[in-house]
Chemist: 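Dumping the structure here so I can ask a few things about it.
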Amino acid sequence: MLFSLPPSIAKQTGYSSCSDCLLALHDIQSIDYYFANNAIIQRFELDAENDFFNDQKSLGQLFHVLLALSYFQRQGHSCLNIAAIAEKTCWSEADVTQYGSSFSKQNAKLKAGFVFVSAAKLSDVIQRFDNICPSRNDIQWDEPNLYSGRYANYENEVADFFRQQQTQLLVDFEPAFASLQQCADELWPTLFPAKNGQDIDWQQVSAANGLIAQTSIISGGAGTGKTYTVARLLLSWLYTQKKDSSTQVKLMLAAPTGKAAQRLNESILAEFTQLLNSNKENQVATLITDLMPMIQAKTIHRLLGIGMYGIDPKYNHKKQLDCDFLVIDEVSMIDLAMMAKLLRALPKTAKLVLIGDANQLPSVESGGLLKDLVNQADWQYAAILGDYSGVYSQSHRQLLNKLLPGFATNNSQNKMNANDHSELEVNSEANNESLFHYNHVTFLQKSMRSQNEITQLAHNILLGQSAQFAGLLTSAKINSETSNLENKKTTQQLSLLITEPETSVITWHEDAYTQAGTLKTILLEQIAQRYACIFESRDVDQAIQQLKQYRLLSATKKGRLGTEFLNTQIEQQLRKRFSHIDAGQMYHGMPIMIVQNDYRLHLFNGDIGVVWSNDDGQLRACFPDPDIPGTHLAFSFISLPAFELVYAMTIHKTQGSEFEHVDILLPNIVVNNAMFYTSQHLSRELLYTGVTRAKQSIGIIASLPALNDCIEKTSTRFSGLKRKLTS
Ligand SMILES: Nc1ncnc2c1ncn2[C@@H]1O[C@H](COP(=O)(O)OP(=O)(O)OP(=O)(O)O)[C@@H](O)[C@H]1O
């Protein structure tokens with residue numbers, strides 16, 4: 001039977017059946033067992049006489065390494081780095097204190113887990129296994145990383161693409177450069193007005209990179225002006241195209257979710273409108289008029305023509321997209337497989353611009369792609385030194401210097417201009433000759449939005465400055481809101497208090513939990529009250545607007561502080577005031593979130609709408625109309641794709657969204673087994689992503705140890721991409 005090892009071999013792996021394995025190992029699923037079994041059986045069937053199958057110890061270790069590969073891939077890693085398991089006890093129940101777990105020490109036999117040998121021994125075992133039937137490539141070993149064949153191929157494809165891009169400067173020659181120079185001279189004074197001060201204008205550098213290189217990446221936090229820059233890059237590109245040829249150019253824009261695509265459209269159009277207001281009749285206005293009809297961002301699934309179940313894109317290496325310029329937003333949300341499919345469908349001549357925030361949570365699926373592609377650590381080091389020779393190649397810097405004379409003068413150690421190469425420069429270039437250069441990358445670091453306190457919180461998180469972070473919280477408002485509220489028990493009083501404008505940008509609810517590990521009722525009442533305005537809206541469009549005002553964000557979906565439980569609790573609180581609310585049923589004012597893409601209805605995973613009764617008293621699901629701001633589309637429930645109640649939502653789900661105010665709720669019990677940290681658990685990236693969703697004000701509902709735990713841990717994804725790029 002498929003997947004079933006002969007009993008003699010199965011016994012040597014340590015388990016005679018799947019249930020046997022699941023009984024011994026915590027957190028291992030049937031899929032892991034069958035993955036490992038299948039890899040072994042494929043080789044056993046081809047070479048049963050191989051000594052490896054008589055070596056019980058090695059076979060046992062190998063079987064568990066394969067379990068680990070499947071396990072780590074399920075957690076979003078592209079591969080298994082064996083250092084993560086070497087000499088460790090894995091999947092032992094005794095080590096795991098998952099908050100909200102139903103596990104009870106009293107009534108269960110502890111799962112013992114498995115002890116791995118040293119990295120050197122594991123490496124030897126894997127190598128011997130890899131030598132059996134080398135033509136089989138379902139498993140690929142690239143020491144110290146073990147891959148499933150599929151992920152190894154995806155990673156190789158992405159690495160090849162970006163390595164090739166390095167050599168593809170589009171304007172290394174005349175007359176292409178002349179056209180860019182003309183753009184810089186004629187257009188940029190309008191698009192990038194000169195600023196006081198000596199700093200390099202990184203927005204302008206991003207636009208220059210976007211024009212010079214075939215592929216470029218703009219990474220920056222919320223409000224750092226990524227869209228501002230891309231709007232100007234598009235205008236610059238169109239300007240250069242018009243100079244070069246009279247043919248119609250084709251622009252495409254996409255993002256991982258419908259919501260993010262819609263936001264990209266809105267933000268670019270807002271930038272164009274602003275530019276039009278001050279440039280009514282010049283060439284900028286003409287360029288905008290030409291570009292406007294092309295600003296039609298869609299989801300990547302739709303762009304590639306990926307079917308309902310995510311397979312067989314219509315556009316691929318054989319049939320490529322019909323475009324000259326592709327812009328992709330929210331790239332941190334894109335997984336390795338999707339990126340590989342995207343690159344396959346991109347024509348060789350097309351330009352690609354990727355926008356995102358490398359510090360945000362990586363994709364829910366596999367890979368930490370954006371982080372691997374931008375090499376932020378080297379960048380920050382270069383920024384401190386003011387010397388970008390380690391990240392930009394000499395030829396690239398020369399082009400930048402020609403286009404942006406300010407780049408040379410502001411680059412303190414990099415004092416060269418187009419005609420003058422200092423010794424330092426040449427030397428540093430020589431040192432870096434063999435290195436992969438990140439010519440395609442620009443970081444935008446300065447927030448252009450007003451709330452400096454939120455930016456400062458985000459900054460402290462990224463730098464791992466837990467003391468400064470806590471200092472900001474403490475000085476902002478120490479628990480005063482909760483303690484004041486203790487004295488004002490009635491809902492009416494609460495309502496009065498909450499409709500007052502926000503007085504504080506940051507609020508910290510440090511001690512918000514009951515003994516039972518749930519939220520204190522007084523805080524729940526306060527949170528529920530923030531949603532009351534949805535029910536009080538005069539019409540559905542106002543209710544939809546209210547949905548953008550406030551959101552409770554939680555780290556997890558499950559457990560007593562997970563979104564599922566919180567949603568029912570908030571609902572109960574609201575029911576005290578709005579008696580028509582019927583838990584488990586649809587009701588007027590109920591906020592809902594789509595959890596499955598529906599291309600027919602143009603409703604996408606993460607879209608948020610509200611249940612509203614029409615004039616006949618019939619309940620309909622209403623979502624904002626992406627084409628006509630301020631209006632909505634109404635759907636019957638029968639036609640709707642899968643959806644769920646959404647007062648609280650997970651931080652993961654909020655990627656690509658912003659709200660005027662957010663409250664971030666962290667678990668009050670810390671998961672203490674570092675090895676099993678996953679993107680779902682506490683991490684610096686999780687907190688950063690949550691904090692940067694807030695536009696006006698933010699509430700932090702977390703104990704100091706939970707916050708420190710978050711800030712100290714980064715959610716690294718195992719991947720070989722960076723190594724493949726630079727080797
Ligand atoms: N150089 C600038 N001068 C003036 N205003 C700017 C500048 N850069 C950005 N802004 C403004 O700052 C605001 C935020 O910019 P933008 O929306 O481009 O940021 P973003 O990085 O795309 O943010 P998000 O990730 O939240 O979408 C916008 O209103 C934009 O017009």
Side-chain angles (χ1 to χ4, degrees), residues 187-197 199-208 210 216-236 253-279 284 288 295 297 327-334 353-361 370 374 404 406 410 441-452 454-455 457-459 462 548 551 553 606 651 654-662 685 688-698:
L187 209 59
W188 286 1
T190 312
L191 297 183
F192 299 99
K195 298 176 185 77
N196 294 331
D199 292 346
I200 295 171
D201 181 348
W202 284 106
Q203 292 181 330
Q204 210 172 352
V205 177
S206 307
S216 64
I217 302 179
I218 305 174
S219 176
T224 49
K226 299 183 292 296
T227 323
Y228 174 99
T229 307
V230 165
R232 282 155 179 80
L233 167 60
L234 291 177
L235 293 169
S236 308
L253 303 119
T257 65
K259 204 166 27 137
Q262 192 181 329
R263 244 187 103 215
L264 178 63
N265 274 340
E266 287 167 5
S267 306
I268 293 184
L269 291 176
E271 287 301 332
F272 283 171
T273 309
Q274 222 168 34
L275 277 168
L276 271 181
N277 287 341
S278 45
N279 299 278
V284 171
I288 290 177
I295 307 302
V327 176
I328 307 285
D329 198 6
E330 299 289 352
V331 175
S332 61
M333 295 167 78
I334 300 180
V353 172
L354 303 174
I355 320 166
D357 182 355
N359 292 311
Q360 276 199 33
L361 283 168
L370 189 56
V374 295
L404 309 163
N410 285 320
V441 180
T442 335
F443 278 93
L444 301 180
Q445 309 214 32
K446 193 169 152 199
S447 174
M448 297 295 174
R449 296 214 175 100
S450 52
Q451 291 303 351
N452 276 332
I454 296 175
T455 311
L457 277 183
H459 189 69
L462 286 184
K548 297 178 190 163
R551 189 76 25 182
L553 310 184
I651 295 176
T654 58
Q655 277 182 285
S657 303
E658 285 179 338
F659 303 92
E660 295 303 319
H661 180 93
V662 299
E685 288 76 8
Y688 171 82
T689 305
V691 164
T692 51
R693 300 308 91 204
K695 284 166 87 171
Q696 292 295 328
S697 53
I698 188 163

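Keep in mind that the numbers below use all heavy atoms, side chains included, and drop hydrogens, waters and symmetry copies. Both ligands and their constituent atoms are indexed starting at 1 by order of listing. Numbers for residues simply follow the sequence, beginning at 1.
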Chemist: Nearest 0.5 angstrom please: Leu276 CG to Ile288 CD1, how far?
Modeler: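 Leu276 atom CG to Ile288 atom CD1 measures 4.0 Å (nearest 0.5 Å).
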Chemist: Taking all non-hydrogen atoms of both residues into account, name the closest pair between Val662 and Ala694 and its distance.
Modeler: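 So the two residues come closest at CG2-CB, 3.6 Å.
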Chemist: Hey, are the side chains of Leu275 and Arg232 touching, using non-hydrogen atoms and a 4.5 Å cut-off?
Modeler: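 Side chain of Leu275 against side chain of Arg232, heavy atoms only: contact under 4.5 Å found.
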Chemist: Where is the nearest protein heavy atom to atom 1 (N) of ligand 1: which residue, which atom, and how far?
Modeler: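 I find the closest protein heavy atom is Gln203 OE1, 2.8 Å.
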Chemist: When you measure from atom 11 (C) of ligand 1 to every protein heavy atom, which one gives the shortest distance, and what is it?
Modeler: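 That would be Met448 CB, 4.1 Å.
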Chemist: Verify, without hydrogens or angle tests, whether Asp329 (side chain) and Ala255 (backbone) share a donor-acceptor contact under 3.5 angstrom.
Modeler: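 Side chain of Asp329 to backbone of Ala255, a donor-acceptor pair under 3.5 Å: no, none is there.
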Chemist: What is the distance from atom OG of Ser216 to atom CG of Leu233, rounded to the nearest 0.5 Å?
Modeler: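 The CG atom of Leu233 is 6.5 Å from OG of Ser216, to the nearest 0.5 Å.
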Chemist: Would you mind listing which atoms of ligand 1 come within a distance below 4.0 Å of any non-hydrogen atom of Arg263?
Modeler: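 By the 4.0 Å cutoff, the relevant atoms are 24 (P), 26 (O), 27 (O).
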Chemist: Has Ser267 got any heavy atom lying under 4.0 angstrom from an atom of ligand 1?
Modeler: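 It does not, in that no heavy atom of Ser267 comes within the 4.0 Å cut-off of ligand 1.
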Chemist: For atom 17 (O) of ligand 1, what's the nearest protein heavy-atom neighbour? Residue, atom name and distance, please.
Modeler: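 Heavy-atom neighbour on the protein nearest atom 17 (O) of ligand 1: Arg449 NH2, 3.6 Å.
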Chemist: Using 0.5 Å steps for rounding, measure from the CE atom of Met333 to the CD1 atom of Ile328.
Modeler: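 Taking CE in Met333 and CD1 in Ile328, the distance rounds to 13.0 Å.
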Chemist: Considering only protein heavy atoms, which is closest to atom 3 (N) of ligand 1, and at what distance to one decimal place?
Modeler: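 Ranking protein heavy atoms by distance from atom 3 (N) of ligand 1, first comes Tyr228 OH, 3.7 Å.
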Chemist: What closest approach, in Å, do Leu444 and Ser206 show between heavy atoms, and which atom pair accounts for it?
Modeler: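 Minimum heavy-atom contact is CD2-OG, 3.6 Å.
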Chemist: To the nearest 0.1 Å, how far is atom 25 (O) of ligand 1 from its closest protein heavy atom, and which atom is that?
Modeler: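 Checking every protein heavy atom, the shortest distance to atom 25 (O) of ligand 1 gives Lys226 NZ, 2.8 Å.
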Chemist: Tell me which one of Ala222, Ser657, Gly221, Gly225 gets a heavy atom nearest to atom 15 (O) of ligand 1.
Modeler: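 Minimum heavy-atom distance to atom 15 (O) of ligand 1 goes to Gly225.
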Chemist: Please check: side-chain N/O of Ser267 versus main-chain N/O of Leu264, any donor-acceptor pairing under 3.5 Å?
Modeler: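 No; judged by distance alone, with no hydrogens or angles, the pair does not exist.
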Chemist: Distance to 0.1 Å, residue and atom name: give those for the protein heavy atom nearest to atom 22 (O) of ligand 1.
Modeler: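 Nearest neighbour among protein heavy atoms for atom 22 (O) of ligand 1, to 0.1 Å: Thr227 OG1, 2.5 Å.
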Chemist: What protein heavy atom lies closest to atom 26 (O) of ligand 1? Include the residue and the distance to one decimal.
Modeler: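 Nearest protein contact, heavy atoms only, for atom 26 (O) of ligand 1 is Glu658 OE2, 2.7 Å.
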Chemist: In terms of residue, atom name and distance, what is the protein heavy atom nearest to atom 30 (C) of ligand 1?
Modeler: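 I find the closest protein heavy atom is Glu271 OE2, 3.2 Å.
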